[in-house]
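For reference, positions follow the sequence shown, starting with 1. All values below were derived from every heavy atom in this structure, side-chain atoms included, with hydrogens, water molecules and symmetry-related copies excluded.
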Amino acid sequence: NYQADFLKQLPTGYSHVLYTDGGDSMFLAPMDEIVTHYTEMGEPDMVCAALNYMPEPWRDTHPAGWYDGCFDSHEAFRFPCVGGYLARREYAADMLTRMTLLPRQVSDDYWSWCDAWREGWFKPKLDSQCRIFQMDVRDLADGDTPWRPRNQLTGSTPCILHMSGGSTNPIDWKDQTMIPIAKRYGILQEDV
């Protein structure tokens, strides 16, 4: 709800919003490449990151079979992910606000996204080819250039890498994971 409130307060000159979890993400490409991919996708109201797995904790709060048949089993990256999206500002604000009214509220807004999807009124375009968003490193390999990783399943070179999930600590967040990858792809120099 804080994100929705913030988006509603932005001046009307801001037509779109690009969101990614900031503490454990890094940009691997310039904004113009992100915009090009968004345009190629047809400039949907929202394109969001996609996962190739559904986290397990939902089983504690949702009945068995709750999401059966909701997501396209032909796509590897078929589940929506709250960790990154590019959207029309008003659409994002409206959808996020509507999610706060869902009957099932749990500690992770991921489940609100999935419940809204299940109800049928929230169907963002999934970045199922990982052209903009890559949600973790497990499907990555070195690409053709030393500074861009490649998704092994889709063949794409994602623009934003988000190390989703896992734990963090209040001192150095996820530096242990982030710094080696940032060095590998030339975002940080070796002596940092």
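- Tyr2 and Met99 are assigned to two separate hydrophobic clusters, defined by single-linkage of ILVMFWY side chains at heavy-atom distances under 4.5 Å.
- To the nearest 0.5 Å, the span separating CG on Asp127 from CD1 on Ile160 amounts to 9.5 Å.
- For the pairing with Phe77, the side chain to side chain contact (heavy atoms under 4.5 Å, CB included) check across Leu153, Leu51, Leu126 returns one residue only, Leu153.
- Listed here is the closest heavy atom pair of Glu119 and Pro103: OE2-CD, 4.4 Å.
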Exercise. Go through the steps for Arg150 and Ser156 under the test side-chain contact (heavy atoms from CB on, under 4.5 Å), then give the verdict.
Key: CA-CA 6 Å; Arg150 180 180 48 79; Ser156 64; over 6 Å; no
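- Between Phe122 and Trp113, the ring-plane angle classifies as perpendicular under the 30° and 60° cut-offs.
- Side-chain contact between Tyr38 and Pro44 is present, with at least one heavy-atom pair separated by less than 4.5 Å.
- The shortest side-chain heavy-atom distance between Cys114 and Pro80 falls under the 4.5 Å cut-off.
- Two residues are said to be in side-chain contact when any heavy atoms from C-beta on lie closer than 4.5 Å; Phe27 and Leu18 meet this criterion.
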Quiz item: Can Asp172 and Gln176 be said to form a side-chain contact (heavy atoms from CB on, under 4.5 Å), step by step?
Solution: CA-CA 8 Å; Asp172 60 9; Gln176 209 173 314; 5.5 Å; no
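- Between the CG atom in Leu140 and the CD atom in Gln152 there is a gap of 7.5 Å [rounded to 0.5 Å].
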Practice problem: Evaluate side-chain hydrogen bond (donor to acceptor under 3.5 Å, both in side chains) for His162 paired with Asp24, printing each intermediate quantity in order. | Solution: CA-CA 6 Å; His162 173 203; Asp24 56 358; 3.0 Å; yes
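- Heavy-atom minimum distance, Leu102 versus Ala116: CD1-N, 4.1 Å.
- The ring-ring contact (aromatic ring centres under 6.0 Å, His included) test applied to Phe133 returns no partner, not counting sequence neighbours.
- The shortest side-chain heavy-atom distance between Tyr53 and Arg138 falls under the 4.5 Å cut-off.
- Rounded to the nearest 0.5 angstrom, Ser128 OG and Asn52 CG are separated by 11.5 Å.
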Quiz prompt | Worked check of side-chain contact (heavy atoms from CB on, under 4.5 Å) between Val17 and Leu86 | solution = CA-CA 6 Å; Val17 59; Leu86 175 55; over 6 Å; no
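- Heavy atoms of other residues, nucleotides or ligands lying less than 6.0 angstrom from CD of Glu40 number more than 12.
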Self-check item: Criterion salt bridge (charged side-chain N to carboxylate O under 4.0 Å, His left out) on Arg148 and Glu33, from CA distance to verdict
Solution: CA-CA 13 Å; Arg148 286 295 287 279; Glu33 185 175 338; 3.0 Å; yes
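- The line from NE2 of His37 to SG of Cys159 is 4.0 Å long, rounded to the nearest 0.5 Å.
- The two atoms that bring Gln129 and Glu75 nearest to each other are NE2-OE1, 3.8 Å, heavy atoms only.
- For the pair Arg118 and Phe71, the cation-pi test (distance below 6.0 Å, angle within 45°) is failed.
- Between Asn151 and Arg131 there is no side-chain heavy-atom pair separated by less than 4.5 Å.
- Annotation: the span from Arg89 atom CZ to Phe6 atom CZ amounts to 10.0 Å, rounded to 0.5 Å.
- Criterion: ILVMFWY side-chain heavy atoms under 4.5 Å apart, direct or through other members. Under it, Leu101 and Trp117 are not part of a common hydrophobic cluster.
- Lys8 has its side chain within reach of Thr97: a pair of non-hydrogen atoms, C-beta onward, lies under 4.5 Å apart.
- Looking only at side-chain heavy atoms (C-beta outward), Tyr85 and Pro124 stay at 4.5 Å or farther from each other.
- Each of Leu28, Asp32, Ile34 was compared with Pro30 under the side chain to side chain contact (heavy atoms under 4.5 Å, CB included) criterion, and only Asp32 meets it.
- For the pair Met26 and Met163, the minimum side-chain heavy-atom distance is below 4.5 Å.
- Residue pairs meeting the salt bridge (Lys or Arg N to Asp or Glu O under 4.0 Å) criterion with at least one partner in residues 79-88, sequence neighbours excluded, are Asp45-Arg88.
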Exercise. Before giving the answer on side-chain contact (heavy atoms from CB on, under 4.5 Å), spell out for Tyr110 and Phe79 the whole-Å C-alpha distance, their side-chain angles and the decisive distance to 0.1 Å.
Key: CA-CA 10 Å; Tyr110 176 78; Phe79 303 107; 3.6 Å; yes
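- Evaluation of the salt bridge (Lys or Arg N to Asp or Glu O under 4.0 Å) rule for Asp139 yields no partner, not counting sequence neighbours.
- A cation-pi arrangement is absent between Arg104 and Trp111 under the rule of less than 6.0 angstrom and at most 45 degrees off the ring axis.
- Residues Met135 and Ala50 approach most closely at CG-O, 3.8 Å, considering heavy atoms.
- Here the straight-line distance linking atom CD of Glu90 with atom NE2 of His16 works out to 10.5 Å at 0.5 Å rounding.
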